[in-house]
Amino acid sequence: MDTTYQPSDIEQRLYEAWESAGYFKPSGTGSPYTIMIPPPNVTGSLHMGHGFQDTIMDVLIRYHRMKGCDTLWQPGTDHAGIATQMVVERQLLEQNTTRHELGREAFIDKIWDWKEQSGGTITKQLRRLGASPDWSRERFTMDPGLSKAVQEVFVQLFEQGLIYRGKRLVNWDPKLHTAISDLEVISEEEKGSMWHFSYPLADGSGSITVATTRPETMLGDTCVAVHPDDERYQHLVGKMILLPIANREIPIVADEYVEKDFGTGCVKITPAHDFNDYEVGKRHDMPLINILDKNACLNENTPADYQGLSREDARKKVIADLDALGLMVKIEDHTLKVPRGDRSGVVIEPWLTDQWYVDAKTLAGPAIEAVESGDIQFVPKNWENTYFAWMRDIQDWCISRQLWWGHRIPAWYDEQGNVFVGRSEEEVRAKHNLGDTPLHQDDDVLDTWFSSALWTFSTLGWPESTAELERYHPTSVLVTGFDIIFFWVARMIMMTLHFKKEVPFKTVYVHGLVRDAEGQKMSKSKGNVLDPIDLIDGIDLDTLVSKRTTGLMQPKMRAKVEKKTRKEFPEGIASYGTDALRFTYLSLASTGRDIKFDMGRIEGYRNFCNKIWNAARYVLMNTEGHDCGQTGNSVQLSVADRWILSRLEHTQEAVAKAISEYRFDLASQSLYEFIWNEYCDWYLELSKPVLWDDNSSEEQLRGTRQTLVKALETALRLAHPFMPFITEEIWQKLKALAGVEGDTIMLAAYPEFNSANVDTDAESDIEWLKSFIEGIRTIRGEMNIAPSKAIPVLVKDASSQDVARIEQYSNFLIKLAKLEAVQIADDNPPLSATALVGDMSILVPMAGLIDVNAEIARLEKDLAKLDNEITRLSGKLSNEGFVAKAPAAVIDKEREKLAIATDAKSKIDDQIQSLRQI
RNA sequence: AGGACUAUAGCUCAGUUGGUUAGAGCGCUACCUUGACAUGGUAGAGGUCCCCAGUUCGAAUCUGGGUAGUCCUACCA
């Protein structure tokens with residue numbers, strides 16, 4: 001074995017072996033444990049969020065698989081309607097053509113070509129992460145089976161009256177020419193203006209001043225509203241206004257919607273271009289005047305010189321025209337929330353169109369109950385509040401999209417515009433006796449989330465009733481980010497409850513979002529993304545810079561991104577390997593919402609891998625070719641052997657508990673501490689005095705060799721879900737020595753806690769041993785005694801147990817603390833430096849080694865600490881309230897602490913006195 | 001406007017039902033190429049647990065208020 005761990009040598013080889021051996025498939029036996037992957041965009045690539053999430057899922061799956069569950073991890077991708085269509089349209093643009101020139105069918109073929117070409121990227125990357133889903137069951141939302149499910153759901157919901165078509169205001173994206181749902185609109189504060197202008201009364205008796213942030217919409221005004229209680233305007237209600245420019249007469253109405261104290265207290269109402277105005281207009285029976293076309297340019301309902309203008313140009317012209325008419329009162333700076341499409345980035349226009357909607361309110365009822373009753377549990381629990389808040393005020397869901405890529409809506413229209421919904425044109429004709437009436441299928445497709453909402457059951461074969469559906473549904477847990485609780489989680493719960501009459505999953509584990517070192521969201525446009533694969537393989541600086549600076553939305557950002565990248569990664573990124581990356585993700589998976597990705601952590605865990613690697617090297621060097629007790633020859637375990645097995649047992653308990661609570665950070669920390677701080681730092685060192693002692697018996701040698709192997713082999717299994725590659729690689733080398741069978745650690749049994757294996761005697765003996773050794777090391781360290789220098793040690797005030805331990809463990813003490821010998825001090829010990837182990841003092845004779853003043857200073861520092869503690873403890877114990885009310889156990893503990901501290905203080909006092917007498 | 005979350009070492013974060021001398025990793029200081037590992041070892045320094053008040057014998061932990069930050073939902077034209 002190499003002296004440093006080289007992940008690139010082993011990872012891909014092992015992965016290919018696992019996959020081809022079929023280890024990822026469900027075993028078919030044991031209790032089912034199912035996870036459906038949140039489907040990433042089929043043409044996308046893996047980002048840090050995927051890496052994080054998929055690692056967590058893989059840990060859960062590998063853990064349950066090793067525990068004997070029948071695990072199904074279902075992989076797949078979604079078709080990402082808008083995103084994918086945009087990508088392909090951009091490609092067409094580079095070839096100087098458009099989808100309209102190609103036509104619908106040819107365009108869709110192009111997208112399928114693109115999907116074939118790029119669709120494997122993300123699944124290849126997932127493999128690099130060591131993910132172990134059942135690839136043979138990979139699904140895609142546009143697969144025939146899933147498409148059938150989508151169609152079936154649509155038809156049934158329509159027949160049940162839960163899907164309807166209506167002409168309503170929708171969020172219209174004038175760039176992408178499609179409606180989008182509320183959730184796809186991002187409203188952010190932007191600087192704008194508030195224009196005040198004057199509307200003259202039709203009878204010439206005066207005017208009224210309205211305020212608006214969107215002057216151009218005045219061409220579609222159908223009334224002006226004031227608050228019914230507003231004394232300033234009450235007398236005007238019912239009067240008519242002559243709308244300037246448009247030269248239409250519109251009424252003044254009273255409506256509670258108006259806030260008296262905002263703006264001028266008069267609101268122009270444009271029902272066809274504003275959601276609130278739409279409601280006001282409906283209440284007062286106002287007409288809807290649509291002034292925009294699909295590009296958000298002014299249409300034929302506006303004066304001739306406005307027609308065809310963009311909304312931006314129209315705004316300028318309205319302002320200029322009003323100004324010319326002397327109607328512009330004032331312009332104020334005003335910050336307002338501007339709604340933009342999450343994909344296109346352009347300002348969204350409320351626009352009147354025919355769209356399909358899901359009656360979400362009806363479906364939400366059972367979905368709320370499922371969480372209230374605990375049938376579905378969120379982890380951490382507080383996300384349930386977010387879920388409830390949204391669900392209880394849910395709006396109908398606009399599911400139609402004016403795109404070509406997606407599931408085409410199974411609705412047909414005759415020439416009169418009557419709509420027929422069915423599974424096929426034939427079915428529709430037959431059902432409605434349409435004969436050969438010309439029919440035209442709806443041009444629109446469904447929101448991608450509509451198909452994702454069916455994911456847990458459509459992937460298992462629904463609407464057919466399959467054995468898989470029976471066995472693996474409901475799924476066990478959904479692992480997802482809080483950003484898609486509404487988009488996906490809530491909708492999945494609604495749809496699954498409605499169609500399957502059962503929950504889609506029992507637990508929703510909500511993890512945080514991975515951010516960069518400064519806490520900024522990683523995004524391509526900011527140029528701060530990290531590619532998980534680059535962390536695994538490494539990347540040189542120039543390549544990283546060019547990766548981050550290509551495809552930036554704003555070319556100006558280029559220099560800035562480059563500078564920042566060069567500063568943050570002056571050496572590029574080293575290769576850390578998959579296991580280190582996974583361990584980093586897991587160690588960051590606490591309950592927080594933001595996960596700042598810290599390069600220091602991944603480096604630390606790369607080192608951890610190296611530590612494991614070298615520990616294994618040590619174990620193999622000392623066990624290969626020797627009898628490790630695997631054939632049943634008798635063994636004698638040392639106290640260290642018994643201790644490490646006991647510590648391992650505690651670790652198993654801690655890891656299992658942490659996993660059951662989805663605290664992967666705590667689980668990984670337990671593993672780290674056990675392997676590094678106990679197994680490597682102490683146990684391997686404690687094994688040396690046994691293995692390298694010519695006087696050790698065969699039984700003792702076998703005992704220690706067996707324990708070296710056994711503890712490591714068990715720890716590897718314990719760590720395997722977290723670090724699959726290095727554990728498999730070492731396990732393969734170790735399994736024969738450990739006497740275990742099996743082709744892969746993946747399918748080996750997961751270690752389980754057994755309290756019978758806890759050895760408290762061995763633990764307290766080793767604690768004693770450690771504090772003895774640490775006492776010596778502290779003196780060495782602070783007194784600058786070379787580690788190579790062997791020193792004699794005396795002990796004073798040793799109890800009979802101390803004496804027995806010294807006798808029994810002198811080989812450990814001498815070797816680990818580099819001692820000449822340990823002896824019981826007589827009544828007049830030589831001048832010494834001191835350390836305390838319980839009541840016993842360890843004396844390191846100073847002759848020629850130690851500076852008296854330095855030792856006094858050191859002891860005084862200890863003394864000060866003890867004084868502090870004594871003051872604190874005695875204060876506490878002299879407090880009547882404490883003694884009267886605190887539990888007896890707590891009081892006893894404090895008394896004991898005080899006694900120990902007092903005793904230690906007097907010993908150190910004495911020592912200082914004797915040093916001072918020199 | 002409502003709500004949620006966060007605030008602990010220079011940095012990134014743990015801290016279970018109130019009882020610890022408040023922990024880890026990275027970074028820092030000193031020493032060490034000892035026969036698994038310098039991607040290492042040993043020792044050490046470093047904290048007003050954001051602030052104020054309260055509950056309690058006892059608060060990093062519970063309550064109230066404040067400050068700062070992040071986010072979500074709704075929205076005033």
Side-chain angles (χ1 to χ4, degrees), chain A residues 1 3-5 187 194 210-214 217 225 257-259 261-270 274-277 280 334 336-337 380 382-383 385-386 389-390 393 482-483 485-486 513 515 517 519 574 576 580 587-588 590-601 603-622 657 661 663 665-666 669 672-673 676-677 680-681 684-685 688 692 774 777-788 818 865-866 868-869 872-873 876 879-887 889-891 893-894 897 901:
Chain A
M1 284 171 82
T3 56
T4 52
Y5 174 54
S187 286
M194 175 90 86
V210 298
T212 181
T213 54
R214 299 202 55 193
T217 61
Y257 158 72
V258 180
E259 302 232 356
D261 302 330
F262 188 84
T264 61
C266 306
V267 187
K268 59 188 267 319
I269 300 295
T270 323
D274 181 284
F275 290 100
N276 290 308
D277 291 7
V280 175
H334 182 72
L336 69 162
K337 294 269 187 156
N382 52 292
W383 288 110
N385 295 330
T386 309
W390 190 70
D393 188 34
F482 60 83
D483 52 331
I485 288 179
F486 307 145
L513 261 39
R515 297 168 179 280
Y576 297 109
S587 70
L588 295 172
S590 62
T591 55
R593 221 177 33 183
D594 297 325
I595 294 153
K596 284 195 218 176
F597 195 84
D598 177 11
M599 294 297 292
R601 295 290 285 265
E603 190 177 339
Y605 295 126
R606 190 257 331 249
N607 296 351
F608 179 49
C609 290
N610 192 55
K611 192 75 181 175
I612 296 173
W613 186 254
N614 277 289
R617 287 182 60 225
Y618 169 82
V619 171
L620 290 169
M621 280 176 193
N622 286 286
K657 178 171 185 283
E661 292 165 354
R663 288 299 304 270
D665 59 328
L666 299 181
Q669 201 187 339
Y672 185 95
E673 273 172 12
W676 200 314
N677 303 128
C680 292
D681 285 351
L684 294 189
E685 295 308 317
K688 291 173 184 174
W692 298 348
E774 280 165 349
R777 283 178 180 169
T778 304
I779 292 170
R780 275 185 186 280
E782 298 202 12
M783 295 297 118
N784 284 321
I785 301 171
S788 53
K818 187 87 180 168
K865 279 186 196 163
L866 286 168
N868 261 334
E869 197 180 346
R872 196 178 56 82
L873 289 167
K876 206 169 180 179
N879 178 339
E880 282 174 31
F882 177 71
V883 181
K885 295 189 182 172
V890 173
I891 298 170
K893 208 169 136 191
E894 299 297 300
K897 280 195 258 179

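Lettering of chains follows the sequences in order, A, B, ..., and the numbering in each one begins at 1.
- Checking B/C37, B/A77, B/U39 against the side-chain heavy atoms of A/F262 singles out B/A77 as nearest.
- Between the SG atom of A/C609 and the OH atom of A/Y576 there is a distance of 12.5 Å, given to the nearest 0.5 Å.
- Going from atom CG of A/D261 over to atom P of B/A1 covers 14 Å, rounded to whole Å.
- Nucleotides B/U20 and B/G15 are separated by 10 Å at their C1' atoms, to the nearest Å.
- Counting non-hydrogen atoms under 4.0 angstrom, A/A389 reaches nothing in the nucleic acid.
- For the pair A/R214 (side chain) and A/D274 (backbone), a donor-acceptor distance under 3.5 Å is absent.
- Counting heavy atoms from C-beta outward, A/R663 and A/T591 have side chains that approach closer than 4.5 Å.
- Atom pair A/E869:CD and B/U21:P shows a separation of 6 Å (rounding to whole Å applied).
- OP1 or OP2 of B/G41 sits under 4.0 Å from a side-chain N or O of A/W676.
- Candidate nucleotides B/U20, B/A4, B/A77 were compared by shortest atom distance to the side chain of A/N382, and B/A4 ranks first.
- Residue A/P887 places its side chain closer to B/G19 than to any other of B/G15, B/G19, B/A77.
- Map A/T778 and A/D277 each onto its nearest nucleotide of RNA chain B; the residue landing nearer the 5' end is A/T778.
- One finds a side-chain N or O of A/S590 lying less than 4.0 angstrom from the OP1 or OP2 phosphate oxygen of B/A14.
- A/D681 comes within 4.0 angstrom of the backbone, heavy atoms only, and of no base.
- Nucleotides B/G23 and B/C31 have their C1' atoms positioned 25 Å apart, rounded to a whole Å.
- Ion pairing of A/K657 with A/E661 is present here, as a side-chain N (NZ or NE/NH1/NH2) and a carboxylate O approach within less than 4.0 Å.
- At the heavy-atom level, A/R663 lies under 4.0 Å from the strands shown only through sugar-phosphate atoms.
- Nucleotide B/G23 forms a pair with B/C13, judged by Watson-Crick or G-U wobble geometry with both contacts under 3.5 Å.
- For B/C57, neither phosphate oxygen OP1 nor OP2 lies less than 4.0 angstrom from any side-chain nitrogen or oxygen of A/K876.
- The side chain of A/Q669 sits closest to B/A24 out of B/C57, B/A24, B/A4.
- For B/A22 and B/C28, the P atoms lie 26 Å apart once the distance is rounded to whole Å.
- When distances run from any side-chain atom of A/F486 to the nucleotides B/C72, B/G41, B/G25, the shortest one goes to B/C72.
- Picking from B/G19, B/A30, B/C37 the nucleotide with the shortest atom distance to the side chain of A/N784 gives B/A30.
- Comparing B/C52 with B/C11, their C1' atoms sit 29 Å apart, to the nearest whole Å.
- Judged by distance alone, the side chain of A/R780 and the main-chain N or O of A/A786 form a donor-acceptor pair under 3.5 Å.
- Within 4.0 Å of A/T212, counting heavy atoms only, lie sugar-phosphate atoms of the nucleic acid but no base atom.
- For the pair A/D277 and A/K268, the tightest heavy-atom approach, listed with the atom from each and the gap, is OD2-O, 3.4 Å.
- Contacts of A/C680 with the nucleic acid, taken as non-hydrogen atoms under 4.0 Å apart, include base atoms.
- As a whole-Å value, the separation of A/K688 NZ from B/U34 C1' is 8 Å.
- Here A/K596 lies in heavy-atom contact (under 4.0 Å) with sugar-phosphate atoms only.
- Looking at every heavy atom in both residues, A/K611 comes nearest to A/C680 through CE-CB, 3.7 Å.
- Comparing the P positions of B/U70 and B/C32 gives a spacing of 48 Å, expressed to the nearest Å.
- Proximity note for A/R777 (side chain, C-beta onward) versus B/U42, B/G19, B/C37: the nearest is B/U42.
- Atom CG of A/L873 is separated from atom C1' of B/G58 by 13 Å (rounded to the nearest Å).
- Atom CG of A/D665 is separated from atom C1' of B/G25 by 13 Å (rounded to the nearest Å).
- Atom CG in A/N677 sits about 15 Å away from atom C1' in B/A14, given to the nearest Å.
- When heavy atoms are screened at a 4.0 angstrom cut-off, A/N879 is found touching the sugar-phosphate backbone but no base atom.
- The separation of B/U6 from B/A24, taken at their P atoms, amounts to 24 Å, rounded to a whole angstrom.
- Residue A/K818 is out of contact with every strand shown, counting any heavy-atom pair closer than 4.0 Å.
- Taking 4.0 Å as the cut-off between side-chain N and carboxylate O, A/E774 and A/R777 do not count as a salt-bridged pair.
- Nearest to the side-chain atoms of A/T213 among the listed nucleotides B/C57, B/G40, B/A77 stands B/A77.
- Nucleotides B/G25 and B/A9 have their P atoms positioned 16 Å apart, rounded to a whole Å.
- Using a 4.0 Å heavy-atom cutoff across all strands shown, A/A884 reaches no nucleic acid atom at all.
- B/C26 and B/G46 have their C1' atoms separated by 14 Å, with the value rounded to a whole Å.
- Side-chain atoms of A/E782 and base atoms of B/A30 include no donor and acceptor less than 3.5 Å apart.
- Taking a pair to require two hydrogen-bonding distances under 3.5 Å in either a Watson-Crick or a G-U wobble arrangement, B/A4 pairs with B/U70.
- Contact annotation for A/L620: no contact, since no heavy-atom pair falls under 4.0 Å across all strands.
- A stacking contact links A/W692 to B/G35: the aromatic ring centre lies within less than 5.5 Å of the base's six-membered ring centre, and the planes differ by less than 30°.
- Among B/A36, B/C32, B/A14, the nucleotide with an atom closest to any side-chain atom of A/R617 is B/A36.
- Here B/A43 is the nucleotide among B/A43, B/A36, B/U39 with the atom lying nearest to any side-chain atom of A/E774.
- In this structure, A/N614 atom CG and B/U39 atom C1' are separated by 9 Å, rounded to whole Å.
- Taking CZ from A/F482 and CG from A/N382, the interatomic distance works out to 11.0 Å, rounded to the nearest 0.5 Å.
- Across the interface with RNA chain B, nearest-nucleotide mapping of A/E880 and A/D598 shows A/D598 to be the residue nearer the 5′ end.
- The distance from atom CZ of A/R593 to atom P of B/C5 is 9 Å, rounded to the nearest whole Å.
- A 3.5 Å limit on both hydrogen-bonding distances identifies B/A43 as the Watson-Crick or G-U partner of B/U29.
- With hydrogens and angles disregarded, no donor-acceptor distance shorter than 3.5 Å links the side chain of A/N614 to the backbone of A/T4.
- Interface remark: the A/R872 side chain does not form any donor-acceptor pair with the B/U21 base, using a distance-only criterion of under 3.5 Å.
- Side-chain nitrogen and oxygen atoms of A/N610 include none within less than 4.0 Å of the OP1 or OP2 phosphate oxygen of B/G40.
- Remark: A/K611 is not in phosphate contact with B/G25, judged by side-chain N or O atoms under 4.0 Å from OP1 or OP2.
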